[in-house]
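This report refers to the structure that appears directly beneath it.
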Amino acid sequence: MTFPVRAITLDLDDTIWPIAPVMLRAEAVLDRWLRAHAPRTAALYPIEAVRALRDRIAGERPDLAHDYTTQRRLTLQHMLREGGEDLALAEPAFDAFFAARCEVEHYADSEAALARLAARVPLAALSNGNADLKRIGLMPLFRFQLGAREHGRAKPDASIFHAACARLEQDPAQVLHVGDDIEMDIVGGRLAGLRTCWINREARTWPEHHPRPDLEFATLTALADWLERAPHERTLRTDTASA
């Protein structure tokens, strides 16, 4: 079958960098900030309690499922109110958390592979998270960054994929979406009409009840190798290409 790739949309967390160590570090930074500036709140809300409260607020506000930033700010406001401290501290507390959230450590292959991909086709970041590529330093490699918060809906909703394709001025069938999450990235991208590439760094087993992605690679380097082997208009087997 013919497989045109005129542009690529990429997930961020757990595709370009691992998210778990980032969040652990950001939570620790926030905890230290609260201990210094809002000690009563810090005493009431150790890290585990902050996580539980954030999960509770997320459950109570399904309308904010696409907006992690507002969820976090509401969490901080609730904590400060319970601690009897100035609600104005919520914003600098969030700033401290968010600065740490943007201090990511890329997978070893990511930066070089992204540069190779960007040399071939336009790249767009498409994420449910709230990382800021300008702060992280990768924005020069991307045409734009579209987050769920800005769009108003999160992956796997087809509208966010279609919005990215429209900004790229490409038909969805000519855009390859790359990500690690089976439901959000691969199933969502496929249902929106995009080609899909599963970045499977942990050698997970693909669930049999889902149609397979068009491509599967363990690294972004392998994807860059694939893209460079032939022009963007490619002929592939009808089964999944993998490496």
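Glu150 CD: more than 12 foreign heavy atoms inside a 6.0 Å radius. Surrounding CZ of Arg143 are at most 12 heavy atoms belonging to other residues, nucleotides or ligands under 6.0 Å away. Crowding of Arg149 atom CZ: a count of heavy atoms from other residues, nucleotides or ligands under 6.0 Å exceeding 12. Summarising the local packing, CZ of Arg73 is surrounded by more than 12 heavy atoms from other residues, nucleotides or ligands at distances under 6.0 Å.
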> Under the side-chain contact (heavy atoms from CB on, under 4.5 Å) criterion, do Arg51 and Glu27 qualify, and how do the steps go?
Replying inline: CA-CA 9 Å; Arg51 290 175 187 162; Glu27 288 173 341; 2.7 Å; yes
> Hey, mind stepping through Asp225 and Arg116 against side-chain contact (heavy atoms from CB on, under 4.5 Å) and telling me if it holds?
Replying inline: CA-CA 9 Å; Asp225 291 342; Arg116 291 168 62 195; 2.5 Å; yes
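Here the shortest heavy-atom pairing between Leu168 and Ala7 reads CD1-CB, 3.8 Å. Leu34 and Ala93 make their closest contact through CD2-CB, 4.5 Å (heavy atoms, listed as atom of the first residue, atom of the second, distance). Nearest heavy atoms, His151 versus Ser159: NE2-OG, 2.9 Å. Taking each heavy atom of Leu133 and Ala125 in turn, the nearest pair found is CD1-CB, 3.6 Å. Smallest separation of non-hydrogen atoms from Asp67 and Thr70: OD2-OG1, 2.7 Å. For the pair Trp33 and Ala96, the tightest heavy-atom approach, listed with the atom from each and the gap, is CD1-CB, 3.7 Å.
Leu138 and Leu223 fall within a single hydrophobic cluster, where Ile, Leu, Val, Met, Phe, Trp and Tyr side chains are chained together by heavy-atom contacts under 4.5 Å. A single hydrophobic cluster is not seen to contain both Met184 and Leu10; linkage of ILVMFWY side chains at heavy-atom distances under 4.5 Å, directly or through other members, places them apart. In the hydrophobic clustering of ILVMFWY residues, with side-chain heavy atoms under 4.5 Å counting as a link, Val187 and Leu126 come out apart. In this structure, Leu191 is a member of the same hydrophobic cluster as Ile186, with clusters built from ILVMFWY side-chain heavy atoms closer than 4.5 Å. Under the 4.5 Å side-chain heavy-atom criterion for Ile, Leu, Val, Met, Phe, Trp and Tyr, Val178 and Val5 are members of the same hydrophobic cluster.
In this structure, Leu53 and His78 have side chains that are in contact, with non-hydrogen atoms separated by less than 4.5 Å. Residues Leu76 and Leu30 meet the side-chain proximity criterion, which asks for heavy atoms closer than 4.5 Å. Proximity of Leu176 to Leu194: side-chain heavy atoms (C-beta onward) are nowhere separated by under 4.5 Å. A 4.5 Å side-chain heavy-atom check between His66 and Asp157 finds every atom pair outside the cut-off. Residues Cys165 and Asp171 are not in side-chain contact: their nearest non-hydrogen atoms beyond the backbone lie 4.5 Å or more apart. Residues Ile160 and Leu146 are in side-chain contact: their nearest non-hydrogen atoms beyond the backbone lie under 4.5 Å apart.
Between Phe217 and Trp226, the ring-plane angle classifies as tilted under the 30° and 60° cut-offs.
A salt bridge is defined here as a Lys NZ or Arg NE, NH1 or NH2 lying under 4.0 Å from an Asp or Glu carboxylate O, and Asp109 with Arg201 meets this definition. A salt bridge does not link Glu183 with Lys155: every distance from a Lys NZ or Arg NE/NH1/NH2 to an Asp or Glu carboxylate oxygen is 4.0 Å or more. Salt bridge present: Asp31 and Arg35 bring a charged side-chain N and a carboxylate O closer than 4.0 Å. The pair Asp63-Arg61 meets the salt-bridge criterion, since a charged nitrogen lies less than 4.0 angstrom from a carboxylate oxygen.
No side-chain donor-acceptor contact under 3.5 Å links Glu82 to the backbone of Met79. Asp214 contributes no side-chain N or O that, together with a main-chain N or O of Cys197, makes up a donor-acceptor pair within less than 3.5 Å. Between the side chain of Gln145 and the backbone N or O of Ala131 there is at least one donor-acceptor pair closer than 3.5 Å. Between the side chain of His162 and the main chain of Ala192, a donor-acceptor pair closer than 3.5 Å is present. Formation of a donor-acceptor pair under 3.5 Å by the Arg54 side chain with backbone atoms of Thr75 is not found in this model. At distances below 3.5 Å, at least one donor-acceptor pair connects side-chain atoms of Glu85 with backbone N or O atoms of Thr41. With hydrogens and angles ignored, the 3.5 Å screen pairs no side-chain donor or acceptor of Ser110 with any backbone N or O of His106.
Arg72 forms no cation-pi arrangement with Phe94, by the criterion of a distance under 6.0 Å to the ring centre and an angle within 45° of the ring axis.
Note: Trp198 CH2 to Arg204 CZ = 5.0 Å, rounded to the nearest 0.5 Å. Going from atom CG of Asn130 over to atom OH of Tyr68 covers 9.0 Å, rounded to the nearest 0.5 Å. To the nearest 0.5 Å, atom CD1 of residue Ile57 and atom CG of residue Leu64 are 9.5 Å apart. Here the CG atom belonging to Leu220 is positioned 9.5 Å from the OH atom belonging to Tyr107, to the nearest 0.5 angstrom. A distance of 13.0 Å separates CG of Leu215 from CG of Asn200, quoted to the nearest 0.5 Å. Between the OG1 atom in Thr205 and the CD atom in Glu202 there is a gap of 12.0 Å [rounded to 0.5 Å].
Remark: the Thr9 side chain and the His177 side chain contain an N/O donor-acceptor pair separated by less than 3.5 Å.
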Give every donor-acceptor pair under 3.5 Å between a side-chain atom in residues 12-26 and any protein atom, sequence neighbours left out.
from	atom 1	to	atom 2	distance (Å)
Asp13	OD1	Trp17	NE1	2.7
Asp13	OD1	Arg101	NH2	3.3
Asp13	OD2	Arg101	NH2	2.7
Asp14	OD1	Ile19	N	3.0
Thr15	OG1	Asp11	OD2	2.8
Thr15	OG1	Asp180	N	3.1
Thr15	OG1	Asp180	OD1	3.2
Arg25	NH2	Glu103	O	2.3

